[in-house]
Trainee: 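Dumping the structure here so I can ask a few things about it.
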2 protein chains.
Amino acid sequence: MVTIKDVARVAGVSTSTVSRVVRGQSKVGDQCRAHVQSVIKALGYRPNINARALVSQKSEMLGIVTPEFSSNFFGNIASGVASAARNANYKVMMSNSQDIPHTELEAIASLREHGCQNIILHSKFTDDNTLAQLAADIPGLIIINRFVSAIASRCVWIDNIAGGKMAVEHLLDKGHRQFAFITSDIQNQDPDDRLNGCRNALSKLNISVEPEQIASGLPEMEDGYRAAETLLARDINFTAVIAYNDAMAVGAMNALQDAGKKVPEDVSVIGFDNLLIATACRPYLTTMNYPIFDMACYASRLSILLTTCKEEAENKTHLFMPSLVERDSVCQVK
Amino acid sequence: MVTIKDVARVAGVSTSTVSRVVRGQSKVGDQCRAHVQSVIKALGYRPNINARALVSQKSEMLGIVTPEFSSNFFGNIASGVASAARNANYKVMMSNSQDIPHTELEAIASLREHGCQNIILHSKFTDDNTLAQLAADIPGLIIINRFVSAIASRCVWIDNIAGGKMAVEHLLDKGHRQFAFITSDIQNQDPDDRLNGCRNALSKLNISVEPEQIASGLPEMEDGYRAAETLLARDINFTAVIAYNDAMAVGAMNALQDAGKKVPEDVSVIGFDNLLIATACRPYLTTMNYPIFDMACYASRLSILLTTCKEEAENKTHLFMPSLVERDSVCQVK
DNA sequence: ATGAAAGCGCTAACAG
DNA sequence: CTGTTAGCGCTTTCAT
């Protein structure tokens with residue numbers, strides 16, 4: 001391993017000078033810098049990351065903390081972060097919280113021990129106050145997919161209420177007036193926001209949403225299937241169902257079809273997220289696109305900005321908008 | 001930050017003793033150890049990872065290098081590694097090669113610079129010799145999903161040939177005798193192995209596989225769709241199609257159905273991998289399960305074993321077997 | 001603009 | 001079994 005000392009010796013300068021050149025500091029003579037750089041190149045010197053992190057107590061690393069990684073949704077987050085990291089020459093370290101409450105904080109702590117100041121957190125369990133505290137302690141902490149008003153400028157989130165509205169408005173445009181909803185039990189704001197967005201849009205036409213129009217379950221295909229069965233078994237009419245996410249929507253379509261309903265002719269279905277699964281099912285799913293990859297990229301860049309030239313990134317909000325992707329699971333009502 | 005010195009001072013011992021206790025070395029007196037441990041706990045001491053990595057030139061970190069992360073397949077790898085890492089108290093660092101050849105090696109180099117000796121590599125571009133060389137240099141390098149005979153004991157792979165055989169045998173059992181194949185253009189051994197497995201099984205019944213029975217494309221849904229169209233347009237008969245993976249299989253089912261064929265009544269379809277998509281489509285896809293999550297866990301444990309008690313892990317091979325998952329896309333031929 | 005020297009927190013001989 | 005000592009490779013005052 002070639003060290004900074006080797007470079008210094010060969011170049012005939014001190015280690016301080018080499019260090020300055022490496023870090024691109026200005027206080028080095030032009031020819032001296034050029035010479036040192038050539039030696040660095042010739043020797044193939046690369047700074048020891050751990051030594052650097054030891055002395056400076058930080059490292060060029062992006063940390064991701066999410067509940068899990070296997071699903072497409074979180075895969076997209078990881079992908080976005082990795083992509084931004086590559087561009088900025090950062091490494092990425094991940095720590096999934098395995099859906100266990102206190103491991104979320106544990107994951108953050110361990111990232112910090114590595115000197116990681118740039119953390120993209122998809123928090124499911126930690127409360128707003130703790131999050132605000134964390135944000136104060138960790139300059140590069142970004143909350144993704146959740147809005148905490150006390151640290152608004154540190155949240156990269158999406159307007160779920162608008163998403164719900166847009167979904168309903170699309171259905172309204174297509175002539176639908178009788179709705180059913182499949183929502184999720186998960187412990188965060190998303191399902192409620194999406195549902196409230198729906199309610200908002202509906203209230204303009206004085207259409208109310210009754211409890212019997214709503215079924216819920218875990219945000220997965222099987223539960224979407226069951227939820228649709230539940231809805232069907234109730235004494236209600238609906239020409240459209242709005243599901244919490246694509247997986248539930250696909251489950252619902254399958255249940256509907258298994259019950260002899262045609263999608264979209266008898267019942268239209270709309271999902272949220274626009275993941276791969278939305279084009280695997282038949283009919284192809286009309287859904288609200290959530291630009292999660294882009295959000296993750298953006299969050300990463302923001303985090304890095306925050307730890308490099310702070311002022312530039314302050315006092316802004318970072319709200320993304322969903323958009324409708326029309327496919328084949330929604331049609332004009334007869 | 002509380003350091004080893006603080007602990008030593010408070011406990012009235014030397015830093016070496018503290019270090020020994022922390023690392024669980026045996027050469028410490030029982031009561032001394034207990035005392036030190038209580039001080040560690042009282043002070044909330046946690047060793048500085050970077051300092052440790054600096055002096056020992058290694059770190060308890062698992063690195064993952066894969067072409068990308070967003071797909072379900074690689075998400076499962078990441079998940080498996082993360083899970084094993086958690087159990088062993090390792091961190092995980094990831095570096096995707098973005099499907100660019102030389103970045104694969106670059107990703108490995110950068111992992112090593114962090115002191116990471118445990119690398120799970122899903123290599124797409126690097127040749128066998130380079131891989132063997134790498135394995136010699138990096139004690140904890142494991143190749144996942146590929147077999148390199150020179151470093152057999154360092155590969156965690158799956159028997160694709162057997163997979164192909166099993167798929168065909170299942171179809172044979174169901175009375176099928178006329179086959180079509182959708183394979184992939186990707187630059188690795190998998191497609192050929194799966195196809196050769198099919199050929200093997202077929203040759204026992206003297207059924208040969210002609211070029212016109214095969215169509216190919218990228219391993220994605222759209223290309224599976226197109227490949228099935230191509231097959232349909234040719235002047236051949238088939239009652240079953242075997243696709244390279246689930247995505248292509250689903251694409252093929254969709255194309256078949258769009259062309260007025262019933263699946264499985266007119267044409268049975270079988271896929272490989274058993275990802276989420278296999279239960280999103282209609283009919284649910286019969287497919288060969290590839291235990292990729294388990295393989296990733298296993299590979300991670302193996303890697304750690306290799307860097308902790310080497311002898312235990314040598315001279316073994318690590319071959320996984322796929323298994324058939326029967327769903328609804330295959331039926332008895334009429 | 002450059003160098004000397006101190007030290008980040010830890011491990012690892014080597015003594016005893 | 002425990003302590004002393006010397007670094008690991010780098011950054012960072014503080015001189016010059």
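Labels below follow one simple rule: chain letters A, B, ... track the order of the sequence lines, proteins then strands, and each chain is numbered from 1. FYI, side chains are in, hydrogens and waters are out, and symmetry mates aren't considered; it's all heavy atoms of this structure.
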Trainee: Figure out the NE2/P separation between His35(A) and dT2(C), and round it to whole Å.
Mentor: 12 Å

Trainee: Please report, rounded to the nearest Å, how far the C1' atom of dT11(C) is from the CG atom of Asn50(B).
Mentor: 15 Å

Trainee: Please name the residue in the list Thr66(B), Thr130(B), Thr126(B) that meets the side-chain hydrogen bond (donor to acceptor under 3.5 Å, both in side chains) test with Glu104(B).
Mentor: Thr126(B)

Trainee: Give the rounded distance in Å between these two atoms: NZ of Lys58(B) and C1' of dT11(C).
Mentor: 11 Å

Trainee: Go through dC10(D), dC8(C), dG9(D) for me and flag the one nearest to the Arg52(A) side chain.
Mentor: dC10(D)

Trainee: Taking for each residue the nucleotide of DNA chain C bearing the nearest heavy atom, is the 5' side occupied by Gly29(A) or by Thr15(A)?
Mentor: Gly29(A)

Trainee: Take the protein atom CG of Asn48(A) and the nucleotide atom P of dG9(C), then report the distance between them rounded to whole Å.
Mentor: 17 Å

Trainee: Considering only dT12(D), dA13(C), dG9(C), which nucleotide approaches the side chain of Ser16(B) most closely?
Mentor: dA13(C)

Trainee: Might you confirm whether atom CG of Asp30(B) has over 12 heavy atoms from other residues, nucleotides or ligands at distances under 6.0 Å?
Mentor: no

Trainee: Does the pair Glu106(B)/Arg46(A) count as a salt bridge with the N-to-O cut at 4.0 Å?
Mentor: yes

Trainee: Would you indicate which nucleotide in dG9(C), dT2(C), dT11(C) comes nearest to any side-chain atom of Ala51(B)?
Mentor: dG9(C)

Trainee: Atom CD1 of Ile49(A) to atom P of dG9(D): distance rounded to whole Å?
Mentor: 14 Å

Trainee: If you measure from the Lys or Arg side-chain nitrogens to the Asp or Glu carboxylate oxygens, is any gap between Lys124(A) and Asp190(A) under 4.0 Å?
Mentor: no

Trainee: Would you mind reading off the distance between Asp6(A) atom CG and dG9(D) atom P, rounded to a whole angstrom?
Mentor: 9 Å

Trainee: Any carboxylate oxygen within less than 4.0 angstrom of a Lys/Arg side-chain nitrogen, looking at Glu113(B) and Lys58(B)?
Mentor: no

Trainee: Check every strand shown and say whether Val13(A) touches a base, only sugar-phosphate, or nothing at a heavy-atom separation below 4.0 Å.
Mentor: sugar-phosphate

Trainee: dA12(C), OP1 or OP2 - any side-chain N/O from Arg23(B) closer than 4.0 Å?
Mentor: yes

Trainee: Can you tell me if the side-chain N/O atoms of Ser14(A) get under 4.0 Å from OP1 or OP2 in dT2(C)?
Mentor: no

Trainee: To the nearest angstrom, how far is Gln57(A) atom CD from dT12(D) atom C1'?
Mentor: 14 Å

Trainee: Figure out the CD/P separation between Glu60(A) and dT11(D), and round it to whole Å.
Mentor: 11 Å

Trainee: Just checking Thr17(B): base, sugar-phosphate only, or nothing, at a heavy-atom cut-off of under 4.0 Å?
Mentor: sugar-phosphate

Trainee: Heavy atoms under 4.0 Å, any strand shown: does Arg20(A) hit a base, just sugar-phosphate, or nothing?
Mentor: base

